[in-house]
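Because only heavy atoms are used, hydrogens play no part in the values below, and waters and symmetry mates are left out as well, while side chains stay in. What you see is a predicted model; the values in this text were computed from it and never measured. Residue numbers start at 1 and run along the sequence shown.
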Amino acid sequence: MHVEHHPLTRDFPEKREQLQLLRQQDPAFARKAEQYEALDKQICRVEDGVETLDGDALSALKLERVTLKDAIARDLKRASGSCCGGCCG
């Protein structure tokens with residue numbers, strides 16, 4: 001069964017240029033994006049049957065991926081001048 005990747009450009013199509021700019025200008029953001037994409041590829045390889053991993057380990061990878069995606073979304077909001085969601089204001 002083929003599993004669809006979740007690249008950041010598909011999840012945030014309206015932020016494509018901002019993603020590229022932040023990757024170039026912010027090393028911490030670039031590391032998060034690279035880590036997210038590496039996790040996404042690993043998860044897809046497991047779900048496609050190319051790699052083996054038990055269910056608990058796969059769930060942990062998925063949780064890590066969603067946590068990174070949330071952090072990336074906050075960074076994108078902050079970079080665009082929007083509230084990051086952490087101030088409750």
- Would you give the length of the straight line joining atom CD of Gln24 to atom CG of Leu19, rounded to the nearest 0.5 angstrom? 11.0 Å

- For Glu47 and Lys62, what are the C-alpha separation, side-chain angles and deciding distance, and is it a salt bridge (Lys or Arg N to Asp or Glu O under 4.0 Å)? CA-CA 11 Å; Glu47 290 179 336; Lys62 288 182 176 184; 2.6 Å; yes

- Does the pair Val46 and Thr52 meet the rule for a side-chain contact (heavy atoms from CB on, under 4.5 Å), with working shown? CA-CA 6 Å; Val46 171; Thr52 56; over 6 Å; no

- Query: Nearest heavy-atom pair of Ala57 and Asp54: which atoms, and what distance?
  - Reply: N-OD1, 2.7 Å

- So, Asp48 side chain and Val50 main chain: donor-acceptor pair closer than 3.5 Å or not? no

- Considering residues at least two apart in sequence or located in another chain, which fulfil the side-chain hydrogen bond (donor to acceptor under 3.5 Å, both in side chains) criterion with Gln20? none

- Message: Other residues, nucleotides and ligands only: do more than 12 of their heavy atoms fall within 6.0 Å of CD on Glu17?
- Response: no

- Item | Exercise: identify the closest heavy-atom pair between Leu22 and Ala79 | CD1-CB, 3.9 Å

- Item | Student check: side-chain heavy atoms of Cys44 and His6 closer than 4.5 Å | no

- Message: As an exercise, state the distance from CZ of Arg16 to CG of Leu21, rounded to the nearest 0.5 Å.
- Response: 14.5 Å

- Measure the shortest side-chain to side-chain distance between Phe12 and Gln18 over non-hydrogen atoms and say whether it is less than 4.5 angstrom. no

- Message: Quick check: do Arg23 and Leu8 have side-chain heavy atoms less than 4.5 Å from each other?
- Response: yes

- Message: Would you compute the distance between atom CD of Glu51 and atom CD1 of Ile43 and round it to the nearest 0.5 angstrom?
- Response: 10.5 Å

Quick one: side chains of residues 63-70, donor-acceptor pairs under 3.5 Å with protein atoms, not counting sequence neighbours, listed by atom name and distance.
residue: Glu64; atom: OE2; partner: Gln35; partner atom: NE2; Å: 3.1
residue: Arg65; atom: NH1; partner: Asp40; partner atom: OD1; Å: 2.7
residue: Thr67; atom: OG1; partner: Leu63; partner atom: O; Å: 2.8
residue: Lys69; atom: NZ; partner: Asp11; partner atom: OD2; Å: 3.2

